[in-house]
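This report refers to the structure that appears directly beneath it.
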Amino acid sequence: MTKKLEDLLKNKELLVSAALVAGDWVKTAPSGKTFDVLNPSTGDVITALPDLGVDETKTAIDAAYTAQKAWAAKTGKERSAVLRKLYDLMVANADDLGAILTAEMGKPLAEAKGEILYGASFIEWFAEEAKRVYGDVIPGHQPDKRIVVLKQPVGVVASITPWNFPNAMIARKLGPALAVGCAFISKPAGETPLSALAMAKLAIEAGVPKGILSVITSKSSSAIGQEFCSNDKVRKITFTGSTEVGRILMRQSADQIKKTSMELGGNAPFIVFDDADLDAAVEGAMISKYRNNGQTCVCANRIYVQSGVYDAFAEKLAAAVGKMKIGDGFGDGVTTGPLISEDAVEKVEDHIADATSKGAKVITGGKRHELGGTFFEPTILTGVTRDMKVAGEETFGPVAPLFKFDDVEDVIEQANDTIFGLASYFYARDLSKVWRVAEALEYGMVGVNTGLISTEVAPFGGVKQSGQGREGSKYGCDDYLEMKYVCLGGI
Ligand SMILES: NC(=O)c1ccc[n+]([C@@H]2O[C@H](COP(=O)([O-])OP(=O)(O)OC[C@H]3O[C@@H](n4cnc5c(N)ncnc54)[C@H](O)[C@@H]3O)[C@@H](O)[C@H]2O)c1
Ligand SMILES: O=C[C@H](O)CS(=O)(=O)O
């Protein structure tokens, strides 16, 4: 019998069964409605949360609007100190935060702790950036004119985030927003709100003032999203999730020309050229494809292998996949947990069935795991062609479709033949080819001879229909700032 989550925690107060609204913990929705948070490995109910609605969202927005001015008036150093304290608390509580994340999302505990430290790295990074929000002094265009450019916080920020990284996707937004003096209202995915609530608990302990941070819990997000987009006290929508929902939010934000940041869907190509280090390419493919059970926006969705090394790569990849251990994220040595839902399993099954119906072969996996539930066998397909669903749609599961190609120009054309443009990867050793391919790929991010590119120090984001804006890096504050040009005359 799996231990109860609460019994695993050192700091049991981090398991919060209440929403955070305008600085108050709300255990019961005015409607009395609740929703269950489930463990995807077991189907067990972890806890029930209040199912909040538009009225509670408005309360949070009003409080944020009032509190934000005083928060913006603090010095960057004062805001930096609060963020640094939050970073220290997240690291000190990483074991508990990881356990909460594994329980509600299913990823193996080691991976969950890794996500906590990844999320914390954004808080640390923006604790440092908080002190460096610089403007400009520009030489005047007339003798009596002096010109300065100020950078000021946008104001109240509304955030909507997905279930696959329930800590890091929020931290990647919360960090810069708080650093520059914004207020922040989080709407985490209904599947995984506990990680957001635990981080909010620590944020308050770190000194985030009352009203500056709210976490709205509800099973569905559409009504709350509509309030975010239509309430003119909200100056920015920052969204991470599917391109389909990103479109909805952008349309809803258009009436008020509301600023938006969009971190959307992906369809990453992973290209192995015949001069690649094949063992390194297999290692990179394993992490790029099967991290988080294939449920990341930057997962390799299409694997293109040059014909001269195709068979050897397929054989080596199959051997590596055979070493994966599927199971409950709390299990010893488990490398791969369940998929998040039955819908996710059915999408994986649909992509496999479509590919095999058009001639692809399953060389590993291909069906639900014997553990049952939403566990699925890590899968490799060979003989994959561009007319198959796996070529154009984000599978978001543990399926590695291997395409064969002959020449560079052809594989670049295939890699770019998608509406998405988030992450891409390739393995090659010829320096001229490396530069030419990296420049030709239409993606926001390119991994060369590596399958893991995500870090707080680099600008994370996509082009085309994978989104707009960047998260992390020295550019990460830009999306939460307004630029103001001041022209001083009569000097
Ligand atoms: N680019 C990135 O950084 C990034 C990171 C993680 C996930 N993703 C993408 O997210 C998708 C998987 O996550 P998902 O299934 O949770 O995506 P999703 O778009 O279905 O849901 C994301 C969030 O939006 C909310 N939502 C759904 N419909 C909404 C609506 N009409 N109005 C307002 N909010 C709404 C959900 O409740 C959830 O909190 C994949 O496409 C993946 O590529 C992108
Ligand atoms: O799912 C997409 C996230 O951005 C994952 S990560 O940032 O690459 O870890």
Side-chain angles (χ1 to χ4, degrees), residues 35 54 57 105 107 111-112 114-119 121-122 158-173 186-193 195-196 215-230 237-253 260-268 287-288 291-301 339-341 343-344 347 393-397 419-423 425 443-445 447 450-456 458-473:
F35 68 99
V54 170
T57 304
M105 191 265 145
K107 68 178 68 173
E111 206 170 320
E115 181 186 335
I116 298 301
L117 297 179
Y118 175 53
S121 74
F122 288 95
S159 160
I160 300 175
T161 44
W163 49 262
N164 64 336
F165 286 81
N167 173 282
M169 294 304 95
I170 298 172
R172 207 159 74 176
K173 303 169 185 296
S186 167
K187 171 60 189 74
E191 298 90 339
T192 57
S195 295
V215 179
I216 304 295
T217 59
S218 79
K219 189 166 184 59
S220 163
S221 302
S222 50
I224 289 161
Q226 284 174 343
E227 180 57 28
F228 284 162
C229 295
S230 62
I237 304 290
T238 178
F239 174 69
T240 297
S242 65
T243 293
E244 177 192 354
V245 175
R247 290 192 192 101
I248 293 171
L249 292 170
M250 289 183 77
R251 285 193 198 102
Q252 291 176 180
S253 299
T260 61
S261 292
M262 293 283 151
E263 292 288 354
L264 304 178
N267 179 7
I287 195 160
S288 174
R291 180 163 68 102
N292 203 21
N293 204 2
Q295 301 172 119
T296 93
C297 57
V298 292
C299 276
N301 201 62
L339 290 170
I340 191 69
S341 67
D343 286 351
K347 182 174 188 183
E393 297 177 9
E394 187 178 34
T395 302
F396 229 59
I419 64 169
F420 298 104
L422 190 62
Y425 310 87
Y443 290 84
M445 301 178 282
T450 179
L452 187 59
I453 55 178
S454 305
T455 167
E456 77 282 7
F460 187 105
V463 299
K464 295 165 72 175
Q465 298 187 37
S466 286
Q468 54 186 216
R470 291 296 184 269
E471 297 190 330
S473 85

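Remember, predicted model here, so these are calculated numbers, not experimental data. Only this structure's heavy atoms are used, side chains among them; waters, hydrogens and symmetry mates stay out. In listed order, ligands and their atoms are each counted from 1.
In this structure, the protein non-hydrogen atom closest to atom 29 (C) of ligand 1 is Val245 CG1, 3.5 Å. Scanning the protein heavy atoms around atom 31 (N) of ligand 1, the nearest turns out to be Ser222 CB, 3.7 Å. Among protein heavy atoms, the minimum distance from atom 2 (C) of ligand 1 is reached at Cys297 SG, 3.3 Å.
Annotation for ligand 1: atoms under 4.0 Å from non-hydrogen atoms of Leu422 are 1 (N). Of all atoms in ligand 1, listed by their number and element, those nearer than 4.0 Å to a heavy atom of Pro162 are 6 (C), 7 (C), 13 (O), 16 (O). Near Arg172, meaning under 4.0 Å from any of its heavy atoms, are these atoms of ligand 1: 3 (O).
Counting only heavy atoms from C-beta outward, the side chains of Met250 and Gln468 approach each other to under 4.5 Å. By the 4.5 Å heavy-atom criterion applied to side chains, Phe165 and Ser454 are not counted as neighbours.
For Phe239, every heavy-atom contact with ligand 1 shorter than 4.0 Å involves the side chain, none the backbone. Heavy atoms of Met445 found under 4.0 angstrom from ligand 1: none, in either backbone or side chain.
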For ligand 2, find each of its N or O atoms that sits under 3.5 Å from a protein N or O atom, and tabulate the pairs with distances to one decimal place.
{"from": "ligand 2", "atom 1": "1 (O)", "to": "Asn164", "atom 2": "ND2", "distance (Å)": "3.0"}
{"from": "ligand 2", "atom 1": "1 (O)", "to": "Cys297", "atom 2": "N", "distance (Å)": "2.8"}
{"from": "ligand 2", "atom 1": "4 (O)", "to": "Arg172", "atom 2": "NH1", "distance (Å)": "3.1"}
{"from": "ligand 2", "atom 1": "4 (O)", "to": "Arg172", "atom 2": "NH2", "distance (Å)": "3.3"}
{"from": "ligand 2", "atom 1": "7 (O)", "to": "Tyr118", "atom 2": "OH", "distance (Å)": "2.6"}
{"from": "ligand 2", "atom 1": "7 (O)", "to": "Arg172", "atom 2": "NH1", "distance (Å)": "3.0"}
{"from": "ligand 2", "atom 1": "8 (O)", "to": "Arg291", "atom 2": "NH2", "distance (Å)": "2.9"}
{"from": "ligand 2", "atom 1": "8 (O)", "to": "Ser454", "atom 2": "OG", "distance (Å)": "2.5"}
{"from": "ligand 2", "atom 1": "9 (O)", "to": "Arg291", "atom 2": "NH1", "distance (Å)": "2.9"}

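Here the shortest heavy-atom distance to atom 10 (O) of ligand 1, taken over Ser454, Gly241, Ser218, belongs to Gly241. Taking all heavy atoms of Trp163, Phe420, Phe396 into account, the minimum distance to atom 15 (O) of ligand 1 is reached by Trp163. For atom 43 (O) of ligand 1, the nearest non-hydrogen atom from the set Arg247, Met169, Glu394 comes from Glu394.
For Ser466, no nitrogen or oxygen atom sits less than 3.5 Å from a nitrogen or oxygen atom of ligand 1, counting backbone and side chain alike. The shortest N/O to N/O separation between Asn164 and ligand 1 does not fall below 3.5 Å. At under 3.5 Å, not a single nitrogen or oxygen of Thr243, backbone or side chain, sits near a nitrogen or oxygen of ligand 1.
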